[in-house]
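Order of the sequence lines sets the chain letters (A, B, ...), proteins ahead of strands, with each chain counted from 1. Keep in mind that this is a model prediction, so the values were computed, not measured.
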Protein chains: 2
Amino acid sequence: MATKSAAQRRAEAKIVYDAFMATCPTRQVMATVGDKWAGLLLNAMADGPRRHGQLRVTVAGISQKMLTQTLRTLERDGLVVRTVEASVPVTVTYGLTELGATLMPILRALKTWSESHIGEIMDARDSYDGAMATAS
Amino acid sequence: MATKSAAQRRAEAKIVYDAFMATCPTRQVMATVGDKWAGLLLNAMADGPRRHGQLRVTVAGISQKMLTQTLRTLERDGLVVRTVEASVPVTVTYGLTELGATLMPILRALKTWSESHIGEIMDARDSYDGAMATAS
DNA sequence: CAGGATCCCATTCGATACTG
DNA sequence: CAGTATCGAATGGGATCCTG
């Protein structure tokens, strides 16, 4: 019995957490929007639909895999639409949906906040790191 | 030479990405705020300072390690203050800084958006998943 | 009670190669 | 050009034990 309690504890904790996740809209959205690349991609599409290749260039550093994967997630959540034009070769564009567009003001607000407070954050980091070094 | 290009490519890509990260305030902030637990913790402290133990209970599912680790990150970024009261046993409280407080309206906006649009997202997911299943 | 240190598993992400 | 599949490295995060 004692040998099982560890695994069980873990399983139960996960259930509690999952239940919380399921009932917490904010965490759901954060999980998508706070993703490493999602924000960048949404921002890159803010001014209109973009093509796969364009996004790859615009969002410097993203791998092809993560580009596709992130776009799929955003599409699944209804924030982005994928449009296929039957040409040769086939052309695919990604753009914001109505829902995605309503999210942009918040992202922009976050961006604005970030730009106006990044200095304070950097200072805080420096003094924090400095205090650590001095504490010896 | 050819054998080195792979590693070099990677190194260069990372440099480009790091340079971008260093110059993109939004990503810096997102990296902190979009963290798995940071948002929950900030929210838990919104109504006033809380103690370590309290936070651990309030934010269901967080491990002791991640609690401490996340608090350290938030403290380093100057969003949270750690206050030690010299009592026996020692009492430690965490609260928002002025800077942290200015971020809350945005988090609240995100929370509000999430709560009012989570239904659409869920619907989008269902229809997306449904389309996948039907596509066979 | 607060939290540092360690071990270890699960997930993430990138590089590469291949299909339509 | 757009996208899929696979493998390996890196990271995140949890359980446990231990200290002030």
Side-chain angles (χ1 to χ4, degrees), chain A residues 2-18 21 27 31-32 34-38 40-41 49-57 59-73 75 80 82-94 132 135, chain B residues 2-18 21 31-32 34-38 40-41 49-57 59-76 80-94 132 135:
Chain A
T3 45
K4 285 190 177 181
S5 63
Q8 286 212 340
R9 276 277 189 69
R10 184 176 163 189
E12 286 168 19
K14 185 163 176 53
I15 289 172
V16 171
Y17 176 68
D18 288 349
M21 271 293 283
R27 272 239 53 77
T32 299
D35 177 86
K36 187 175 181 182
W37 302 109
L40 281 315
L41 285 175
R50 293 286 184 275
R51 298 186 50 184
H52 185 103
Q54 286 180 297
L55 290 172
R56 189 168 172 165
V57 174
V59 181
I62 193 171
S63 68
Q64 187 276 328
K65 175 185 171 182
M66 292 316 297
L67 175 55
T68 300
Q69 188 171 302
T70 307
L71 285 171
R72 286 291 172 282
T73 302
E75 187 190 358
V80 160
R82 177 173 178 270
T83 308
V84 180
E85 289 162 43
S87 54
V88 180
V90 66
T91 300
V92 182
T93 60
Y94 294 89
M132 290 296 95
Chain B
T3 44
K4 286 190 178 181
S5 63
Q8 286 213 339
R9 275 276 189 68
R10 183 177 163 190
E12 287 169 20
K14 183 163 178 51
I15 289 172
V16 171
Y17 175 68
D18 288 349
M21 269 295 282
T32 298
D35 177 87
K36 187 176 181 182
W37 302 110
L40 281 316
L41 285 176
R50 293 286 184 276
R51 298 185 49 185
H52 186 101
Q54 286 180 297
L55 290 172
R56 189 168 171 167
V57 173
V59 181
I62 194 170
S63 67
Q64 185 275 325
K65 175 185 169 182
M66 291 318 297
L67 175 55
T68 300
Q69 187 172 304
T70 307
L71 285 171
R72 286 292 170 283
T73 303
L74 292 172
E75 187 190 359
R76 192 173 99 101
V80 160
V81 260
R82 176 171 177 273
T83 308
V84 180
E85 289 162 43
S87 54
V88 181
V90 66
T91 300
V92 182
T93 60
Y94 294 89
M132 289 298 94

5′-ward residue of the pair T68(A)/P89(A) relative to DNA chain D
P89(A)
Assuming nearest nucleotide by heavy-atom distance, tell me which of Q64(A) and V90(B) is located more 5' along DNA chain D.
Q64(A)
Distance (rounded to the nearest 0.5 Å) between [X] [atom1] and [Y] [atom2]:
| X | Y | atom1 | atom2 | value |
| --- | --- | --- | --- | --- |
| Y94(B) | R50(B) | OH | CZ | 15.0 Å |
| W37(B) | T70(B) | CH2 | OG1 | 8.5 Å |
| T73(B) | L41(B) | OG1 | CG | 10.0 Å |
| L71(B) | L55(B) | CG | CG | 6.0 Å |

Using the test side-chain contact (heavy atoms from CB on, under 4.5 Å), find all partners of R51(B) that sit at least two apart in sequence or belong to another chain.
Q54(B), T91(B), T93(B)
Set of residues satisfying side-chain contact (heavy atoms from CB on, under 4.5 Å) with respect to S63(B), sequence neighbours excluded
K65(B), M66(B)
What is the separation between atom [atom1] on [X] and atom [atom2] on [N], rounded to the nearest whole Å?
| X | N | atom1 | atom2 | result |
| --- | --- | --- | --- | --- |
| L41(B) | dA2(C) | CG | P | 14 Å |
| W37(B) | dT11(D) | CH2 | P | 21 Å |
| M66(B) | dT11(D) | CE | C1' | 11 Å |
| K65(B) | dC18(D) | NZ | P | 18 Å |
| D35(A) | dC13(C) | CG | P | 6 Å |
| Q69(B) | dA2(C) | CD | C1' | 16 Å |
| L67(A) | dT4(D) | CG | P | 11 Å |
| H52(B) | dG20(D) | NE2 | P | 18 Å |

Under-4.0 Å side-chain N/O to phosphate OP1/OP2 contact, K36(B) with dT12(C):
no
Using the C1' atoms of five pairs at each end, what's the angle between the two axes of the helix from dC1(C)-dG20(D) to dG20(C)-dC1(D), to 10 degrees?
40°
Shortest non-hydrogen contact from R56(A) to L67(A)?
CB-CD2, 3.8 Å
First of S63(A) and V92(B) reached from the 5' end of DNA chain C, by closest nucleotide
V92(B)
Considering every strand and a 4.0 Å limit on heavy-atom distances, what is the contact class for R72(B): base, sugar-phosphate, or nothing?
sugar-phosphate
